[in-house]
*Asks:* 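Got a structure for you, questions after.
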Amino acid sequence: MELTGDQIYTLVETTLSMTGNRGAVCNDSTLYVSSGFEMDITKSGTGYSLNSLTIEGEELDRNKTYSFLIYGDRDWYMSTVMEEMGVSEVDTTGPKAEQYLMQCLVEQGTQLEAPTDYITLW
C-alpha cells in the first residue's frame, strides 16, 4: 500500500500501544521487525512509545508518500490501525505479501531495502 509518513507514524504508534490482543507488544522480544526504516523507541513501566522514525538516519518525512508492505498475520489489529490512520478502505485484492515478494525479487529482479539496525530502545 502507499502510506504517508504521518500514516506510518500512526501505524507504528498504534501498534506499540495496543494491548490485550494476540500480537500485542508485551516485551522487548515482541517488538516488530521493520525493513527500510529505523524506529527509536522508549520503554517505560507501562509499555513502549515511539520517539522517531528515520530512513538512513534522516527523519521520515510526514508529508511524503512511501510504499509500505505489511507481512504476516495482520488481521487481529489491521481494522483498528487503519481507523487510526484515517484509511477507510484497503484494497486486499492484490497479491498477498509472499506473492508480492516473489514478484519483486524473482520475477522483476528488484531488491528490498538493505537491512539496518532498525530499533533503538531506550
Side-chain angles (χ1 to χ4, degrees):
M1 66 179 69
E2 299 293 313
L3 297 176
T4 65
D6 197 50
Q7 288 173 315
I8 295 170
Y9 263 92
T10 301
L11 183 146
V12 175
E13 290 168 337
T14 302
T15 302
L16 288 173
S17 67
M18 292 182 78
T19 59
N21 289 331
R22 181 177 61 83
V25 176
C26 57
N27 58 47
D28 296 353
S29 67
T30 61
L31 288 166
Y32 284 85
V33 174
S34 67
S35 178
F37 68 94
E38 303 87 35
M39 299 178 280
D40 185 300
I41 300 170
T42 298
K43 180 180 178 180
S44 69
T46 58
Y48 297 85
S49 60
L50 179 63
N51 300 318
S52 67
L53 296 174
T54 57
I55 296 176
E56 296 179 1
E58 297 293 321
E59 183 78 22
L60 193 76
D61 184 340
R62 289 180 179 260
N63 297 310
K64 184 177 175 181
T65 300
Y66 298 90
S67 292
F68 201 86
L69 174 69
I70 297 175
Y71 179 78
D73 182 9
R74 63 194 189 284
D75 295 336
W76 68 270
Y77 78 106
M78 195 49 113
S79 61
T80 301
V81 172
M82 290 295 145
E83 183 179 319
E84 290 292 323
M85 290 183 343
V87 175
S88 58
E89 291 185 28
V90 176
D91 181 4
T92 59
T93 61
K96 299 294 183 200
E98 295 87 352
Q99 295 166 317
Y100 178 79
L101 290 172
M102 179 69 82
Q103 287 174 352
C104 288
L105 299 174
V106 177
E107 296 170 14
Q108 298 170 6
T110 56
Q111 295 293 311
L112 298 176
E113 295 293 329
T116 62
D117 292 332
Y118 60 91
I119 296 178
T120 301
L121 182 60
W122 301 95

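In this chain, numbering begins with 1 at the start of the sequence shown.
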*Asks:* Report the distance from atom OG of Ser49 to atom CD of Glu13, rounding to the nearest 0.5 Å.
*Replies:*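 Those atoms lie 9.0 Å apart.
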
*Asks:* Return the CD1 to CZ distance between Ile55 and Phe37, rounded to the nearest 0.5 Å.
*Replies:*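 CZ of Phe37 is found 8.5 Å from CD1 of Ile55.
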
*Asks:* Sub-3.5 Å donor-acceptor pair from the side chain of Glu38 to the main-chain atoms of Glu56, do we have one?
*Replies:*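 Yes.
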
*Asks:* Under the 3.5 angstrom rule, does the side chain of Ser44 hit a backbone N or O of Thr46 as a donor-acceptor pair?
*Replies:*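 It does hold such a pair.
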
*Asks:* I need the Glu59 CD to Ser52 OG distance, nearest 0.5 Å.
*Replies:*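 The OG atom of Ser52 is 5.5 Å from CD of Glu59, to the nearest 0.5 Å.
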
*Asks:* Do Tyr66 and Ile8 touch side chain to side chain, with heavy atoms closer than 4.5 Å?
*Replies:*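 The answer is yes; the side chains approach within 4.5 Å.
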
*Asks:* Looking at Glu107, I'd like to know if its CD atom is crowded, meaning that more than 12 non-hydrogen atoms belonging to other residues, nucleotides or ligands lie closer than 6.0 Å.
*Replies:*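 Enclosed: over 12 neighbouring heavy atoms sit under 6.0 Å from CD of Glu107.
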
*Asks:* Using side-chain heavy atoms (C-beta onward) and a distance below 4.5 Å, is Thr54 in contact with Leu60?
*Replies:*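 Counting from C-beta outward, Thr54 and Leu60 never come under 4.5 Å.
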
*Asks:* Okay, side chain of Gln7, backbone of Thr4: is any donor-acceptor separation there less than 3.5 Å?
*Replies:*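 Yes, Gln7 side chain to Thr4 backbone: donor-acceptor pair under 3.5 Å.
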
*Asks:* Will you find, in the side chains of Thr65 and Glu2, an N or O donor that is under 3.5 Å from an N or O acceptor?
*Replies:*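 No donor-acceptor contact under 3.5 Å links the two side chains.
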
*Asks:* Strictly distance-based, threshold 3.5 Å: is any side-chain N or O of Asp6 a donor or acceptor partner for the main-chain N or O of Tyr9?
*Replies:*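 Checked: no pair found.
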
*Asks:* What's the shortest heavy-atom distance between Asp61 and Asn63, and which atoms?
*Replies:*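 Scanning both residues, the minimum pair turns out to be OD1-N, 2.8 Å.
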
*Asks:* State, to 0.1 Å, how close Ile41 and Leu31 come at their nearest heavy-atom pair, and which atoms those are.
*Replies:*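 Looks like CD1-CD2, 4.2 Å.
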
*Asks:* Side chains of Thr42 and Asn51 only: does a donor on one sit below 3.5 Å from an acceptor on the other?
*Replies:*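 Result is yes, a qualifying pair exists.
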
*Asks:* Is there a side-chain contact between Ser17 and Tyr48, using heavy atoms and a 4.5 Å cut-off?
*Replies:*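 The answer is no; the side chains never approach within 4.5 Å.
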
